[in-house]
Amino acid sequence: MSVWAILVAAGRGERLGADQPKAFAKLGDLPLLAEPLRRLDESAWVDAVVVVAPPGWEEPAILLAEELGAGKVRACVAGGETRAGSVRAGIAEVPGEAAAVLVHDAARPLLPEAVIERVLAPLVEGWDGAVPALPVPDTVKRVGPEGGVVETLPRDGLWAVQTPQAFPVEVLRRALAGDAQATDCAGLVEAAGGRVKVVPGDPLLRKVTTADDLAWAAALL
Ligand code: C5P
């Protein structure tokens, strides 16, 4: 089974407060993008990688891949306005003969190899997708614009979903048809009627959103 990875790195990362896009904020000595790119490139499960860069940052992304010696990078394309748009740009580079696709957020740099293995396994059993997730430890409430609680969700069965998310290539391609939007790829596959399996995630897959998250990740490099 040939596995292509799409590394989405085209977010603006405004909450980080940096001048450049989040993927190029420094994590240790290198741009944030370097760590997840190196890990995907070195993964025994991944055959090829497509990098989705912020528009105008394709060239620096290609140079970074060269600097890292990331030989599995097959394409580097500009992302879209939304995450789904960026995934659409990435999957356009994945050839028809590829069997599975992994979509990973560059904002989750500390990608464990074991999670890649865990999300790919359910595809062999016929699932339409698999996502890593952790049970939500806090009580989750929906809050209105004025700060008032609208609803308290029962915590049982609530999971916080991470990436990498794995899909048979054609399942994700179909789910992305048209202009469907979602905050993760599994949401698109679910909306198209797909069966998505949840596998154990990893606290290391915490998403880097703020400067504190960057410092946390840098300490674990
Ligand atoms: O914005 P959010 O935190 O959901 O971003 C998750 C991942 O999706 C990040 O790695 C970000 O770079 C990527 N993204 C993208 N294109 C967008 C928005 C987000 O590639 N337009």
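If you read the sequence from its start, that first residue is 1, and numbering goes on from there. FYI, side chains are in, hydrogens and waters are out, and symmetry mates aren't considered; it's all heavy atoms of this structure. In each ligand, atom 1 is the first atom listed, and ligand 1 is the first ligand listed.
Asp105 pairs in a side-chain hydrogen bond (donor to acceptor under 3.5 Å, both in side chains) with only one of the listed residues (Arg83, Lys207, Gln162), which is Arg83.
Applying the ring-ring contact (aromatic ring centres under 6.0 Å, His included) rule to Trp57 yields the partners Phe24; only residues at least two apart in sequence or on another chain are considered. In this structure, the salt bridge (Lys or Arg N to Asp or Glu O under 4.0 Å) partners of Arg88, at least two apart in sequence or on a different chain, are Asp179. Arg195 pairs by the side chain to side chain contact (heavy atoms under 4.5 Å, CB included) definition with Trp127, Asp128, not counting sequence neighbours.
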Ligand 1 polar-atom proximity to protein (N/O, under 3.5 Å):
residue: ligand 1; atom: 3 (O); partner: Lys207; partner atom: NZ; Å: 2.8
residue: ligand 1; atom: 4 (O); partner: Lys207; partner atom: NZ; Å: 3.4
residue: ligand 1; atom: 10 (O); partner: Val8; partner atom: O; Å: 2.8
residue: ligand 1; atom: 10 (O); partner: Ala106; partner atom: N; Å: 3.2
residue: ligand 1; atom: 10 (O); partner: Ala107; partner atom: N; Å: 3.3
residue: ligand 1; atom: 12 (O); partner: Ala10; partner atom: N; Å: 3.3
residue: ligand 1; atom: 12 (O); partner: Gly11; partner atom: N; Å: 2.8
residue: ligand 1; atom: 14 (N); partner: Gly11; partner atom: N; Å: 3.4
residue: ligand 1; atom: 16 (N); partner: Ser86; partner atom: OG; Å: 2.7
residue: ligand 1; atom: 20 (O); partner: Ala10; partner atom: N; Å: 2.8
residue: ligand 1; atom: 20 (O); partner: Ser86; partner atom: OG; Å: 3.3
residue: ligand 1; atom: 21 (N); partner: Gly80; partner atom: O; Å: 3.0
residue: ligand 1; atom: 21 (N); partner: Glu81; partner atom: O; Å: 3.2
residue: ligand 1; atom: 21 (N); partner: Thr82; partner atom: N; Å: 3.4
residue: ligand 1; atom: 21 (N); partner: Thr82; partner atom: O; Å: 3.2

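Taken together through direct or relayed side-chain contacts under 4.5 Å among Ile, Leu, Val, Met, Phe, Trp and Tyr, Val49 and Trp45 form part of one hydrophobic cluster.
Of the charged side-chain nitrogens involved, none lies within less than 4.0 Å of a carboxylate oxygen, so that Glu35 and Arg108 do not count as a salt-bridged pair.
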